[in-house]
Amino acid sequence: MKKLVFGLATAFMVSVASAQTLEELKTEQAIKKDSIAAIQGRVDALQGQIDAFPGWKKGAFGTIGANISGFNNWYAQGTPNNSSGNIGATLNAFANLNKEKFFWRNSGNINLQWVKLDDKDSDTDDESFNGTTDVFNLTSLYGYKLSEKFAISALGEYRTTIINNFNDPGYLDLGIGATWTPITDMVVVIHPLNYNFVFSSEDDIYESSAGAKILVDYTRQIGDINFKTNFSTFQSYKSGDLSNWTWVNSFGYTLWNGIGLGFEFGLRNNKQEALDYAINKAPTPDPDATFDSIDNDLQTYWIFGLNYSF
């Protein structure tokens, strides 16, 4: 009986000691977490001062996505013997200069994708990689500051494709107006005096015109996350059929040594491109198509894969 009582008492004392030790460890952990939060707050404050400091700021991040596959006698699908591949890459880069009286912001976006499908049972199919997504965009914005957040500005923006039909079509916007910078790394451009030059061999479809240019860009790095959103639109004074807009969003998350995961998606609306497709590039071309008769569907693309941050 004495042994039983002694054993129970010992177990109780060990349990109490363990509970006390666990509570002490949790208390110490909470204190250290508070210290870490305080240190991170000071680091974030210093980073904010660095971001706001005048001078050049440069950066780039991109995404690579790829997959390759091969099938032999896979009868469940329509092409049982084939090899296929999909390769895509994006690059977002910027170089921004910020001075007391002026700023100069430059950025570029490239998104290229190729697809291959080789039907081993056919001697006439195309075995090469063919371009599917083709985006090339350069922007340069200069602003003379009237205040901390407002500036008189001039913008040049060029958009085209580079895998196929380089500069056919190509778009060059040149204009002047005002720029608002509500927060660090964000610009809102409103240029009521803008001319949209359109370069194309299809002169009866594409037409240059004057109009208003609006651009919103936000590029930021927060810890291991890089992201960029860019919305650009041209509203023609001559006709709504000549207006267009493009919205591209890019995200990158760094996991190790600059390598991580990336995702980009883009949206576009361009009625001139839709008419060109209906007349010249659709599976069943319609030579009598007009701006009023076509379906101006929303254009989209996306890519997901490995990301690298420079």
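Residue numbers run from 1 in the order of the sequence given. Hydrogens, waters and symmetry mates are skipped; everything else that's a heavy atom, side chains included, is used.
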**Q** Can you tell if the side chain of Phe251 reaches within under 4.5 Å of the side chain of Phe265, non-hydrogen atoms only?
**A** yes

**Q** On the 0 to 90° scale, with breaks at 30° and 60°, tag the Trp180-Phe150 ring pair as parallel, tilted or perpendicular.
**A** parallel

**Q** Any donor-acceptor pair under 3.5 Å linking the side chain of Ser236 with the backbone of Gly211?
**A** no

**Q** Is there a side-chain contact between Leu267 and Leu298 in this structure, where contact means two heavy atoms from C-beta onward sitting under 4.5 Å apart?
**A** yes

**Q** So, Thr181 side chain and Ile183 main chain: donor-acceptor pair closer than 3.5 Å or not?
**A** no

**Q** Could you check Leu97 against Asn106 for side-chain contact (heavy atoms from CB on, under 4.5 Å), going step by step and ending with a plain yes or no?
**A** CA-CA 9 Å; Leu97 175 64; Asn106 304 276; over 6 Å; no

**Q** Under 3.5 Å, side chain of Asp134 to main-chain N/O of Leu112, donor-acceptor pair present?
**A** no

**Q** Take Phe103 and Tyr142 through the test ring pair (Phe, Tyr, Trp, His ring centres under 6.0 Å) and record every step on the way to the result.
**A** CA-CA 6 Å; Phe103 60 79; Tyr142 176 86; 7.3 Å; no

**Q** Hey, are Gln299 and Asn269 close enough side-chain-wise for a donor-acceptor pair under 3.5 Å?
**A** no

**Q** Give the cluster check for Met186 versus Phe227: same hydrophobic cluster or not, with ILVMFWY residues linked at side-chain heavy-atom distances below 4.5 Å.
**A** yes

**Q** Given 3.5 Å as the limit, does a donor-acceptor pair link the side chain of Gln272 with the main chain of Glu207, or not?
**A** yes

**Q** Identify the heavy atoms of Pro182 and Lys149 that sit nearest to each other, and give their distance.
**A** O-NZ, 2.9 Å

**Q** How about Phe166 and Phe136: are their ring centroids closer than 6.0 Å?
**A** no

**Q** Among Asn249, Asn92, Asp217, which residue meets the side chain to side chain donor-acceptor pair (under 3.5 Å) test with Lys228?
**A** Asp217

**Q** Is it true that Glu100 and Lys145 make a salt bridge, defined as a side-chain N closer than 4.0 Å to a carboxylate O?
**A** no

**Q** Checking Asn167 against Thr160: is there a side-chain donor and acceptor pair closer than 3.5 Å?
**A** no

**Q** Kindly indicate whether a cation-pi arrangement holds for Lys116 with Trp114, taking the cut-offs as under 6.0 Å to the six-membered ring centre and within 45° of the axis.
**A** no

**Q** Can you find a pair of side-chain heavy atoms, one from Val248 and one from Thr229, that are under 4.5 Å apart?
**A** no

**Q** Quick check: do Asn137 and Tyr158 have side-chain heavy atoms less than 4.5 Å from each other?
**A** no

**Q** Show the numbers, then the answer: is there a ring pair (Phe, Tyr, Trp, His ring centres under 6.0 Å) between Tyr206 and Phe199?
**A** CA-CA 8 Å; Tyr206 294 94; Phe199 311 100; over 10 Å; no

**Q** Within the supplied structure, the quantity of interest is the number of heavy atoms (other residues, nucleotides, ligands) at a distance under 6.0 Å from Tyr237 OH; does it exceed 12?
**A** yes

**Q** Following the transitive rule for hydrophobic clusters with a side-chain heavy-atom cut-off under 4.5 Å over Ile, Leu, Val, Met, Phe, Trp and Tyr, establish whether Leu193 and Tyr144 coincide in one cluster.
**A** no

**Q** Between Gln113 and Ile87, is there a side-chain heavy-atom distance shorter than 4.5 Å?
**A** no

**Q** Would a 4.5 Å heavy-atom cut-off, applied to side chains only, mark Trp302 and Phe263 as touching?
**A** yes

**Q** For the pair Asp185 and Lys57, find out whether any cationic side-chain nitrogen is under 4.0 Å from an anionic carboxylate oxygen.
**A** no

**Q** Heavy-atom distance under 4.5 Å between the side chains of Asn244 and Arg159, does that happen here?
**A** yes

**Q** Can you confirm whether the side chains of Trp104 and Ser140 place a donor and an acceptor under 3.5 Å from each other?
**A** yes

**Q** Which atoms form the tightest heavy-atom contact between Lys271 and Ile294, and what is the distance?
**A** O-CD1, 3.8 Å

**Q** Taking the side chain as C-beta and beyond, is there a heavy-atom pair between Leu174 and Leu155 under 4.5 Å?
**A** no

**Q** Pairing donors with acceptors under 3.5 angstrom, does anything connect the side chains of Thr90 and Asn111?
**A** no

**Q** Would you say the ring centroid of Phe197 lies under 6.0 angstrom from that of Tyr171?
**A** no

